[in-house]
There are 2 protein chains.
Amino acid sequence: MRTRDPRPNLDRDRIVRTALAVIDRDGVAGLTMRKFGAELGVDPMAVYYYLPDKGALFDAVVEAVHDEMGELEVGPDATWQSVVWEASQRMRTVLRRHPHTVPLIGTRPVLSPKMLAASDRLIGQLVDTGLTAATALNILACVRAFTIGYLLIEVGVPAGPPIEKAGEVGDVMAGYPALAAGMAQGYDPDRQFDLGLRALVDGWVASAGSGH
Amino acid sequence: MRTRDPRPNLDRDRIVRTALAVIDRDGVAGLTMRKFGAELGVDPMAVYYYLPDKGALFDAVVEAVHDEMGELEVGPDATWQSVVWEASQRMRTVLRRHPHTVPLIGTRPVLSPKMLAASDRLIGQLVDTGLTAATALNILACVRAFTIGYLLIEVGVPAGPPIEKAGEVGDVMAGYPALAAGMAQGYDPDRQFDLGLRALVDGWVASAGSGH
DNA sequence: ACCTGAACACCGTTCAAGT
DNA sequence: ACCTGAACACCGTTCAAGT
């Protein structure tokens, strides 16, 4: 008895936004094309009119998440260190809003025009602060590796079937004194990350020069 | 007409070694329980006698790869920098032999006794060189993040269905001058990685002290 | 142009049964 | 103890068909 909307009730944007929402809620493995169709209120195969396959859907989600990072505005007195720092922190902030997408981001290097343009722009901004393009690319690759690698460990979302249980972590720690000592003060992932990022950025200056 | 071997022709070790070999050959998605049974020459369900499910098989593969890294022998004049450097390089070497396992390693933080013992040992070795346990854990986490993050980008193995094609990379680069300039000299992943790792290690000294 | 629905060729896993 | 085989409840995707 529902009136049918004569206009298409599906479009690429709605599909991608919904996919991201489903992944945020149910994880990557929780997004099946069949359940996804139900979520959208259409036949599961309707999605294939807009995207060739599930891989393309994942790539589109990766792009959507990257879009959420926006563009960096760089002041005239910015250093390359400040630009790199800001880029990394922003990536971290956005990915912590979408923890289930981290394995996707780390694993699907989308080479769409939009993604390439974003990289090109960022490298250009780094070059403007005095780096060579090659050095900019190098440090960006390293900082990205650190950022997503750290998030991967931090969120610890298994990509496949569930992980074997290992009992109470607290109990297990008893047999590993150095590990236990290291974790005695508790651990603050943000602080740890900041220390690592700072080391990576500052260390580049100390050991490799600033690109000229 | 074949004579049946009266002894079990399956054991956990053979299962795990074969699984790693299959993943090396066909990728993670190429390992299905049904094909895996055929590979082993048994009914697919035979594996379930030794491991509860596919996730446990993946965890066992992760452990097997970690085992391949072996233990670090640390001389009396070793610095924490040399220990961390060696641990990272060894991880990189082993994972480059098993590129398809990288997403698995990055995504399945196995907490088995063996893995915990290995971490405990390494932290202990770092403490012996003068670091506090907390600092050792922190820098280890950061170096691991960098190492697997870098490998993840480097090997670029899609975890899900195949990636959307983006035409010839060379052609596409035309519209992205900074990117093109950065890649003009070609790129040497080993050198890039070494620079990043060195920055991370040296930077830690410069900005956070050496733990006392 | 946009969506449906049946069909195909797969999956992982449970469970009772065989030896 | 160790392995089999049928069965269950799913998958992603193709393709012809509907409107």
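Protein chains get the first letters and strands the later ones, always in sequence-line order, with residue 1 at the start of each. Keep in mind it's a predicted model, so treat the numbers as computed, not measured.
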Only pairs under 3.5 Å count here: list side-chain donor-acceptor contacts from residues 28-38 of chain B, not counting sequence neighbours, and write none if there are none.
from    : atom 1 : to      : atom 2 : distance (Å)
B:Thr32 : OG1    : B:Lys35 : N      : 3.2
B:Lys35 : NZ     : B:Gly30 : O      : 3.1

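- Taking side-chain N and O atoms only, A:Tyr50 has a distance below 4.0 Å to OP1 or OP2 of C:dC3.
- Within the 4.0 angstrom heavy-atom criterion, only backbone atoms of the sugar-phosphate kind lie near A:Met33; the bases stay farther away.
- Checking D:dT13, C:dG12, C:dC2 against every side-chain atom of A:Tyr48, the shortest atom distance belongs to D:dT13.
- Crowding of A:Arg97 atom CZ: a count of heavy atoms from other residues, nucleotides or ligands under 6.0 Å exceeding 12.
- On the P atoms, D:dA9 is 22 Å away from C:dA9, given to the nearest whole Å.
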- Criterion side chain to side chain contact (heavy atoms under 4.5 Å, CB included) on B:Arg108 and B:Val61, from CA distance to verdict: CA-CA 10 Å; B:Arg108 303 190 74 87; B:Val61 168; over 6 Å; no

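- More than 12 heavy atoms of other residues, nucleotides or ligands sit less than 6.0 Å from atom CD of B:Glu86.
- When the nucleotides D:dT4, C:dC3, D:dT14 are ranked by their closest atom to the side chain of A:Ala46, C:dC3 comes out on top.
- Residue A:Thr32 has its side chain nearest to D:dC11 when only C:dG5, C:dC11, D:dC11 are considered.
- Taking side-chain N and O atoms only, B:Tyr49 has a distance below 4.0 Å to OP1 or OP2 of D:dC2.
- A:Tyr50 meets the ring pair (Phe, Tyr, Trp, His ring centres under 6.0 Å) test with no other residue; sequence neighbours excluded.
- Distance from the side chain of A:Asp53 is smallest to D:dT13 among C:dG12, D:dT13, D:dC2.
- The side chain of A:Pro8 sits closest to C:dC2 out of C:dC2, D:dC3, D:dT13.
- Position along DNA chain C of the nearest nucleotide to A:Arg34 versus A:Val47 favours A:Val47 as the more 5'-ward residue.
- With A:Tyr150 as the aromatic partner, A:Arg92 does not meet the cation-pi criteria of under 6.0 angstrom to the ring centre and within 45 degrees of the ring axis.
- In this structure, the nucleotide among C:dG12, C:dG5, C:dC3 sitting nearest to the side chain of A:Asn9 is C:dC3.
- Consecutive Watson-Crick or G-U pairing (both distances under 3.5 Å) extending over three or more pairs maps onto DNA chain C as C:4-8 with D:12-16, C:12-16 with D:4-8.
- A side-chain contact (heavy atoms from CB on, under 4.5 Å) with A:Ile23 is found for one member of A:Leu57, A:Val65, A:Leu104, A:Thr18 and no other, namely A:Leu104.
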